[in-house]
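Notes for the one structure printed next.
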Amino acid sequence: MRSDTNVGTGIAELDDVLGGGLIGKRVYLIQGAPGCGKTTLALQFLLEGVRNGETVLYVTLAESQDELKANAASHGWSLDHVHFCELIANELDQGSDQKYTMFHPAEVELDETTKTVIAHIEKLNPSRVVIDSMAEIKLLSQNTLRYRREVLALKTFFQGRNCTTLFLDDKTASDEEDRQLQSIAHGVFNLEQLAPEYGAERRRLRVTKFRGRKYRGGYHDFAISRGGLSIFPRLVAGEHVRGQDVRQLSSGLPELDKLLGGGIELGTSLLLLGPAGAGKSSLGLQLALNAALGGERAAIFTFDERLETIRQRASGIGQQLDVQIDKGLVSIQTVDPAELSPGQFAHIVRAAAEGRDGQSPARVVMIDSLNGYLNAMPEEKFLTAQLHELLTYLGHLNVVTILVVAQHGLLGNAMQAPLDTSYLADGVILFRYFEAHGEVRQTIAVVKKRTGHHERSIREFKMDKNGIRVGAPLKDFQGVLTGTPIYRGGTSDLIAK
């Protein structure tokens with residue numbers, strides 16, 4: 001490609017972050033510590049050129065050609081059509097102290113290195129070039145002024161060749177030298193590798209400079225696996241606004257629909273809040289299954305339970321979960337808390353909501369639970385803000401989002417949520433245990449609904465082999481706000497044993 005139009009990086013999500021890809025005939029700087037993915041990104045960039053029938057060149061001053069080919073093979077790639085200029089331990093630095101007398105050996109080596117690179121480029125006339133790494137040129141330059149002049153000369157040369165170039169740098173230079181390099185490049189990408197106290201390493205990318213085009217700022221999580229870099233662009237909900245669907249989703253339980261004022265409006269979020277064992281996950285599953293009965297897909301993401309446990313629990317209360325899974329109308333994905341970053345999780349949810357995961361778009365998304373989500377990423381500082389962006393995005397797509405939160409403790413004022421997420425949700429269903437005639441039972445109530453009227457009564461909630469049942473409104477309660485309500489009425493209003 002020999003124009004100043006978009007040049008694909010070989011990573012569709014990175015092209016999306018950049019507003020369409022790199023701008024051709026320019027020089028870009030890829031910075032990051034060793035192991036963060038610079039070489040892999042560069043190889044994907046060159047292989048994209050190969051797929052387009054372009055001539056590409058990899059100038060390596062740090063790794064040998066054999067090492068690069070072995071790295072590519074681990075991703076299932078072949079570098080047979082990638083040209084190499086290998087400048088490692090060659091005759092330029094063999095016995096330098098004996099060969100040069102009037103000039104410092106490094107000065108001669110830098111000139112020879114530059115001439116060799118230019119000769120390769122003039123011979124091949126490539127449209128894509130990677131230079132790996134600038135740290136070697138910096139060492140040969142010996143001082144900041146010489147280094148800047150060399151980089152400027154390379155930049156001018158590449159621009160004159162109608163070539164799109166990536167400079168790789170491992171950030172071993174001083175801050176001043178880093179700024180010199182960043183000021184020369186047309187675009188600067190920073191790759192970082194983070195080491196949490198527990199779990200796998202996490203990586204993220206940030207575009208700190210990109211001349212000539214608006215791009216999506218901030219940090220974008222990414223992972224390296226077989227096949228290269230998978231980038232998860234930061235979610236911006238405002239980019240996905242659609243027309244509002246005013247229909248309601250029924251729960252399949254008439255009494256619960258009455259509590260909810262008719263049902264759950266599409267595009268809203270519902271928080272199921274209560275102590276452990278009160279029935280939050282089972283009710284969420286009921287909502288998902290009723291959507292599936294209407295032909296809508298429901299996607300469930302569980303941090304806390306294995307798929308086998310969920311199936312056993314559903315079967316124990318008469319829910320036909322396996323039937324809907326076999327039909328492809330319910331999907332359940334277990335999330336490994338130690339392996340996932342917030343950006344990657346949001347990317348998986350987006351794929352389900354948009355139907356990019358090989359199935360139909362999900363109309364219901366359930367996250368079970370937010371406790372697991374928070375525990376999976378305890379070192380992330382802005383999870384609540386990211387969750388708000390995710391809920392807003394799903395709302396724009398007219399998806400019903402069900403969030404499960406388990407409060408700490410079972411009874412009384414000791415019950416607390418891990419964080420206050422009630423303000424994020426459009427509706428809140430509260431579960432409680434209560435005592436009645438020597439038995440522990442459960443209540444359900446809707447304490448918040450932004451999108452319309454809802455019933456303000458307290459009803460009994462029960463699960464058994466016959467399914468989920470919601471009773472008639474109960475009025476004879478004492479101590480509801482203490483967290484341990486006591487029922488003073490008769491047994492006739494209670495759900496039979």
Side-chain angles (χ1 to χ4, degrees), residues 249-253 255-257 264 269-340 344-345 347-353 355-376 394 399-407 410 429 431 433 441-442 444 461-470 495:
L249 174 69
S250 171
S251 66
L253 303 171
E255 295 82 2
L256 181 57
D257 285 345
I264 309 168
S269 55
L270 184 65
L271 179 67
L272 307 182
L273 180 65
K280 303 178 300 297
S281 298
S282 294
L283 181 61
L285 196 56
Q286 167 69 28
L287 297 170
L289 287 172
N290 199 64
L293 288 174
E296 303 285 2
R297 180 193 166 199
I300 300 171
F301 301 91
T302 174
F303 285 84
D304 303 325
E305 293 183 283
R306 296 180 299 114
L307 177 58
E308 294 78 7
T309 303
I310 296 173
R311 283 179 156 170
Q312 290 173 2
R313 175 163 50 80
S315 176
I317 57 175
Q319 293 177 328
Q320 302 297 314
L321 177 58
D322 289 336
V323 173
Q324 300 304 328
I325 290 177
D326 292 341
K327 289 181 179 179
L329 291 173
V330 173
S331 62
I332 301 178
Q333 182 167 346
T334 56
V335 180
D336 187 343
E339 300 295 328
L340 210 63
Q344 187 172 0
F345 177 67
H347 182 80
I348 294 171
V349 174
R350 285 186 61 185
R356 292 186 287 105
D357 58 351
Q359 303 181 64
S360 60
R363 185 53 61 93
V364 175
V365 167
M366 177 176 167
I367 301 175
D368 185 9
S369 67
L370 286 188
N371 305 68
Y373 176 71
L374 293 171
N375 291 332
L394 292 172
V399 172
V400 171
T401 309
I402 302 169
L403 307 171
V404 176
V405 175
Q407 291 179 299
L410 292 175
I429 294 181
F431 294 79
Y433 291 109
R441 294 172 176 258
Q442 291 132 278
I444 185 172
F461 180 84
K462 188 170 185 177
M463 299 178 295
D464 56 27
K465 63 181 180 180
N466 297 316
I468 294 176
R469 288 182 283 171
V470 177
I495 297 175

How long is the gap from [atom1] on [X] to [atom2] on [Y], to the nearest 0.5 Å?
X      : Y      : atom1 : atom2 : result
Leu329 : Gln359 : CG    : CD    : 9.5 Å
Arg297 : Asp357 : CZ    : CG    : 4.0 Å
Leu289 : Gln320 : CG    : CD    : 9.0 Å
Ile325 : Ser331 : CD1   : OG    : 8.5 Å
Leu283 : Ile468 : CG    : CD1   : 5.5 Å
Ile317 : Arg469 : CD1   : CZ    : 11.5 Å

From CA spacing to verdict: side chain to side chain contact (heavy atoms under 4.5 Å, CB included), Val400, Leu270: CA-CA 8 Å; Val400 171; Leu270 184 65; 5.5 Å; no
Could you check whether any side-chain heavy atom of [X] comes within less than 4.5 Å of a side-chain heavy atom of [Y], counting everything from C-beta outward?
X      : Y      : result
Asn290 : Ser251 : no
Leu321 : Arg313 : no
Phe345 : Ile367 : yes
Ser269 : Leu394 : no

Nearest heavy atoms of [X] and [Y], plus distance in Å:
X      : Y      : result
Val399 : Ala353 : CG2-CB, 4.4 Å
Ala288 : Val330 : O-CG2, 4.5 Å
Ala276 : Tyr433 : O-OH, 2.8 Å
Ser369 : Asp304 : OG-OD2, 2.5 Å
Leu249 : Ala291 : CD1-CB, 3.8 Å
Phe301 : Ala352 : CZ-CB, 4.0 Å

Which residue in the set [options] passes side-chain contact (heavy atoms from CB on, under 4.5 Å) when paired with [X]?
X      : options                : answer
Ile402 : Val365, Val364, Ile264 : Val364
Leu272 : Val404, Leu403, Leu370 : Val404
Thr302 : Ile332, Thr309, Leu307 : Ile332

Under-4.0 Å salt bridge between Lys280 and Asp368: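 Asp368 and Lys280: not salt-bridged.
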